[in-house]
2 protein chains.
Amino acid sequence: MDSVNMKKPKPAPAYHHGNLRAGLIEAALALLDEAGVEAVTIRAVARRAGVTHAAPANHFRDRKALLTALATGIFAKLAGRIAAKLAAARGGRAARLQVFADAVTGFALAHPHRYRLLWRRDSLDDGDAGLQQAMDAIYDRLVAELSEDGASSVSADSRAVALWSMVHGYVALRLDGNFVALRDARTRAPRQAAIVTALIEGIGGEAKAKRKR
Amino acid sequence: MDSVNMKKPKPAPAYHHGNLRAGLIEAALALLDEAGVEAVTIRAVARRAGVTHAAPANHFRDRKALLTALATGIFAKLAGRIAAKLAAARGGRAARLQVFADAVTGFALAHPHRYRLLWRRDSLDDGDAGLQQAMDAIYDRLVAELSEDGASSVSADSRAVALWSMVHGYVALRLDGNFVALRDARTRAPRQAAIVTALIEGIGGEAKAKRKR
DNA sequence: CCCCTAAATTGACGCCGTCAATATACGGCC
DNA sequence: GGCCGTATATTGACGGCGTCAATTTAGGGG
């Protein structure tokens, strides 16, 4: 047994020209789910992956790059889930819009830290092409759902922005604890569905301007 | 602050039994506007206020407490602006809802870092009574605007949540750079107004009004 | 087989938040 | 005025962070 020039006897899962990048993403995701984006530090991720604190630098320029890669993957997963649910959806447009809203809300409530990361622009490389593309995919899907005609006086584009804004805003406020899960007092539907209904039907303007609908 | 009998010296610009607390808030606000919440560190605030790094500890337990005080003041200012604009507003309910949305959007775009801080729950003392109260004031104002009847099938509460969610979501997405300022293709109104119109009028469900459920 | 290069380690630097010990200045009280 | 208690501010330290530079290690191509 040589003492001086000794090799690491580690059975090592063989990083080093292996899969450290994937291992880091995995560790980062675990930390994110457990304790939020604040806990996803380069050093903590490295510890969890079993490497030293500077090893990640070979795979991610800095912390923002790591979080951006993480967020891009999360966006892709969310987009995939939305697409799958819409593909399986039955019913007319109102029902499809509800499906869209449900998909986003469900994902966000199931993985709050992941959803929050998606919008933590100060922690992400804005301008990252992959990230931008992953985000656009979701919005484009929504515009497609709304592109055909419409009973509103505003354009399909604005209607898409309205729905996407409302869903995102509702989720953001829910995650921040400003709303709790409730049912609508009239329709008994979950509030999350009721507000989509409100957008589809309209909340009414002047009392005199009631419209048949 | 809570001694049995206390006097208001009200004197010199000199700190030390003066107005350091206010000075720290002022310095923090300046840093916030200049470089975002990340830049509002205890030490940077102390430097800007001309004291040493540990002086703020006498006035704020920790960084969260400082940011919470900052956010509470910002919330109060926003609520005041909303109330003022609504008080001066003419027109029916649709117009008033637009005023509300304009007030929030205008504030957020004018002071993006301030608006963002309001929702950085991980940086704030959630559960802080003053903060919660300042937030509720805005929501309550909105519910009041919507409380009387309505042409929608959903309750006033859900309609308030819908509008507040949409406005907040739109602003959040705008601040994140996901939308740019545009005009609606049909109405030529700024998109920010168009989406409120969309909510008031409804975006339409099935092409032929088919009410089920 | 050797060597080149990518990957990982070690160590350092200056930030940060926070705590403990110390110094300072104000206001009440004699 | 002079003392003193106490609120306030300073000094210094600690560990954790991101990041950089220098070094060591491993693995594949010539």
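Hydrogens, waters and symmetry mates play no part in the numbers below; they use all other heavy atoms, side chains included. Each chain gets a letter, A, B and so on, in the order its sequence line appears, and its residues count up from 1.
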- Query: Hey, is the side chain of R47(A) poking within less than 4.0 Å of OP1 or OP2 on dC17(D), counting only N and O atoms?
  - Reply: yes
- Atom CZ of R21(A) and atom P of dA6(C): how far apart are they, to the nearest Å? 16 Å
- Closest nucleotide among dG18(D), dT18(C), dA9(D) to the R63(A) side chain: dG18(D)
- Item | Heavy-atom side-chain proximity of Y115(A) to H168(A) below 4.5 angstrom | yes
- Query: dT18(C) base to R43(B) side chain: any donor-acceptor pair below 3.5 Å?
  - Reply: yes
- Rounded to whole angstrom units, what separation is found between the CG atom of L20(A) and the C1' atom of dG27(D)? 16 Å
- Message: Tell me whether R121(B) at atom CZ has more than 12 heavy atoms from other residues, nucleotides or ligands lying less than 6.0 Å away.
- Response: yes
- Kindly indicate whether the side chain of N58(B) and the base of dA9(D) share any N or O donor-acceptor pair separated by less than 3.5 Å? yes
- Message: Looking only at the side chain of A44(B) (C-beta and beyond, no hydrogens), which of the listed nucleotides dT10(D), dT9(C), dC16(C) gets closest?
- Response: dC16(C)
- Check against side chain to side chain donor-acceptor pair (under 3.5 Å), S158(B) and R191(A): CA-CA 6 Å; S158(B) 289; R191(A) 165 140 305 156; 3.2 Å; yes
- Task: Could you check how far CZ of R61(B) sits from C1' of dC19(C), rounded to whole Å?
- Result: 14 Å
- For atom CD of E26(A), decide whether the heavy atoms of other residues, nucleotides or ligands shown that lie under 6.0 angstrom number more than 12. no
- Within this structure, what is the CD1-to-P distance between I42(A) and dC17(D), rounded to whole angstrom? 11 Å
- Message: What is the distance, to the nearest angstrom, from the CG atom on D122(B) to the P atom on dG17(C)?
- Response: 15 Å
- dC16(C) phosphate, OP1 or OP2, under 4.0 Å from T41(B) side-chain N/O: yes
- Message: With a cut-off of less than 4.0 Å, is there a side-chain N or O of H53(A) near OP1 or OP2 of dA8(C)?
- Response: no
- F60(A) CZ to dC20(D) C1': how many Å, rounded? 19 Å
- Considering residues, nucleotides and ligands other than R96(A), do more than 12 of their heavy atoms fall under 6.0 Å from its CZ? yes
- Query: Do any side-chain nitrogens or oxygens of H59(A) fall under 4.0 Å of OP1 or OP2 in dA8(C)?
  - Reply: yes
- Item | Proximal nucleotide (of dA9(D), dT18(C), dC19(C)) relative to the D62(B) side chain | dT18(C)
